[in-house]
There are 2 protein chains.
Amino acid sequence: MLQFISEIDFIIEIDKLKSVFRKSLVLDQSKNENSAEHSWHLAVAVTVLEPYANFKNMDMLKVTRMALIHDIVEIDAGDTYAYDDEANKLKHEKEVCAADRIYGLLQNDRQNELKNLWYEFEKRESPEAKFVDAVDRFIPIMINYLTQGKQWKAFGVTATKVLTRNNPINDGSTYLWKIVNEIVKESVEKGYLIGS
Amino acid sequence: MLQFISEIDFIIEIDKLKSVFRKSLVLDQSKNENSAEHSWHLAVAVTVLEPYANFKNMDMLKVTRMALIHDIVEIDAGDTYAYDDEANKLKHEKEVCAADRIYGLLQNDRQNELKNLWYEFEKRESPEAKFVDAVDRFIPIMINYLTQGKQWKAFGVTATKVLTRNNPINDGSTYLWKIVNEIVKESVEKGYLIGS
């Protein structure tokens with residue numbers, strides 16, 4: 001067996017994200033989406049939605065890389081459903097261990113760069129992190145709406161829960177938050193989402 | 001049904017790339033990979049493999065965006081297997097029509113930016129395009145090697161075909177081309193690849 005450089009070992013390792021499945025569906029409803037294809041979708045979405053961020057002059061390379069790597073920790077920690085309050089309490093600690101192991105495959109400079117980018121995303125303090133977080137929350141809401149609330153119904157999610165849990169969207173993009181409010185209103189009217 | 005801004009219509013449209021399947025497998029061999037998760041894998045790979053490019057001072061935002069959007073045309077044109085010579089002759093024309101339709105969903109500035117980025121990738125003249133192309137060719141070779149040549153065997157691919165078809169890797173990364181030559185040599189020895 002050939003021995004590869006550490007960067008290739010990392011590329012091999014993260015292939016596993018293609019088999020971490022989320023609660024969200026692919027829009028054609030053929031399957032649950034996995035965290036790798038979701039991360040791709042998010043990275044393209046932040047590119048085209050940049051004009052709707054609450055901030056000007058963001059570092060777009062940072063924004064894009066943050067989107068690409070934000071879920072890599074799920075290889076060890078698994079995907080945590082946004083509306084599962086108990087699981088979310090334990091989530092961060094598991095993900096920190098995962099970040100140490102997975103980014104630890106890389107050499108020091110790149111390891112620190114990507115790990116710090118993930119910590120920055122988790123903290124949601126910088127403009128870039130707030131914007132990536134906003135779009136990351138927006139996409140599954142959009143998918144739920146376009147799939148007639150199939151997964152919201154399956155997990156008994158309410159309008160209040162969607163609006164409470166996703167309020168940070170407003171910190172990254174007031175414009176997207178306005179759309180979310182319209183989606184939730186219409187979803188309750190159409191019976192996609194429990195109106196309480 | 002709510003009416004969305006053109007950027008969201010584009011994000012909805014490209015969800016279809018999650019259902020365009022490639023000949024390559026996911027490394028755990030549970031399924032063929034799709035072009036969305038492949039594009040994510042490529043975008044992370046170009047990030048960590050940057051030091052092994054033949055070029056210094058590449059525009060890394062351009063490199064990353066190119067990786068993210070390079071296969072979007074496959075939504076209309078489908079994935080073309082690298083070793084299917086006949087299909088590759090007809091590929092470009094179908095993809096140009098696809099680029100017009102799909103990027104056409106965006107407004108002018110962003111539409112032109114992403115479409116030009118795809119044309120730049122297709123031409124393989126700029127350092128950024130040569131490097132993305134090199135990594136895009138490298139990853140499936142790595143996957144084939146790590147899955148004991150399962151798909152190479154299924155499609156009767158030979159060592160000569162792999163080396164001839166993927167020679168442009170050398171234009172983007174001499175280092176990766178050296179690894180490819182080692183992989184091909186070892187794959188022939190192990191019987192993953194036909195040695196002719």
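The sequence lines fix the lettering, A, B, ..., with proteins before strands; numbering per chain opens at 1. Just the heavy atoms: all of them, side chains too, but no hydrogens, waters or symmetry mates, feed the values below.
The stretch residues 14-24 of chain B places B:Ile14, B:Asp15, B:Leu17, B:Lys18, B:Ser19, B:Phe21 near chain A, each with some heavy atom under 4.5 Å from a heavy atom of that chain.
Checked by atom type and distance alone, the side chain of B:Arg137 never pairs as donor or acceptor with a backbone atom of B:Val132 at under 3.5 Å. Here the side chain of A:Asn54 pairs a donor or acceptor atom with the backbone of A:Asp171 at under 3.5 angstrom. A side-chain donor-acceptor contact under 3.5 Å links B:Asp59 to the backbone of B:Lys62.
Both the backbone and the side chain of B:Ile183 come within less than 4.5 Å of a heavy atom in chain A. In this structure, chain B has heavy atoms under 4.5 Å from both the backbone and the side chain of A:Glu182. Proximity to chain A (any heavy atom under 4.5 Å) is restricted, for B:Ser30, to the side chain, taken from C-beta onward. For A:Glu113, no part lies near chain B; criterion is any non-hydrogen pair under 4.5 Å. Both the backbone and the side chain of A:Ile12 come within contact range of chain B, judged by heavy atoms closer than 4.5 Å. A:Thr64 touches chain B through its side chain: at least one heavy atom from C-beta onward sits under 4.5 Å away, while N, CA, C and O do not.
Looking only at heavy-atom pairs under 4.5 Å with chain B, the residue among A:Gln107, A:His41, A:Met1 that has the most is A:His41. No other option in B:Val44, B:Leu61, B:Asn34, B:Leu114 has as many heavy-atom pairs under 4.5 Å with chain A as B:Leu61. Top candidate by heavy-atom pairs under 4.5 Å with chain A, chosen from B:Leu2, B:Val26, B:Ile143, is B:Leu2. Chain B forms more heavy-atom pairs under 4.5 Å with one residue of A:Asp28, A:Leu106, A:Thr47, A:Ile8 than with any other, namely A:Thr47. In terms of heavy-atom pairs under 4.5 angstrom with chain B, the leader among A:Tyr145, A:Trp40, A:Tyr52 is A:Trp40.
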Q.
side-chain hydrogen bond (donor to acceptor under 3.5 Å, both in side chains) for B:Asn88 and B:Thr80? Distances and angles first, verdict last.
A. CA-CA 7 Å; B:Asn88 273 287; B:Thr80 309; 5.2 Å; no
Q) Does the pair B:Asn166 and B:Tyr83 meet the rule for a side-chain hydrogen bond (donor to acceptor under 3.5 Å, both in side chains), with working shown? A) CA-CA 10 Å; B:Asn166 293 296; B:Tyr83 305 108; 3.0 Å; yes
Q.
Under the criterion side-chain hydrogen bond (donor to acceptor under 3.5 Å, both in side chains), I'd like the reasoning laid out for B:Ser35 against B:Asp79: C-alpha separation, chi angles, the key distance, then a yes or no.
A. CA-CA 8 Å; B:Ser35 293; B:Asp79 179 59; 4.7 Å; no
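B:Tyr103 is connected to B:Val96 through a chain of hydrophobic side-chain contacts under 4.5 Å among Ile, Leu, Val, Met, Phe, Trp and Tyr, so both are in one cluster.
Under 3.5 Å, the side chains of B:Ser126 and B:Glu120 contain a donor-acceptor pair of N or O atoms. Remark: the B:His38 side chain and the B:Asp136 side chain contain an N/O donor-acceptor pair separated by less than 3.5 Å.
Ring-centre distance between B:Tyr81 and B:Phe155: below the 6.0 Å cut-off.
Pairs passing the salt bridge (Lys or Arg N to Asp or Glu O under 4.0 Å) check and including a residue from residues 34-54 of chain A, sequence neighbours excluded, read A:Lys31-A:Glu37, A:Glu50-B:Arg110.
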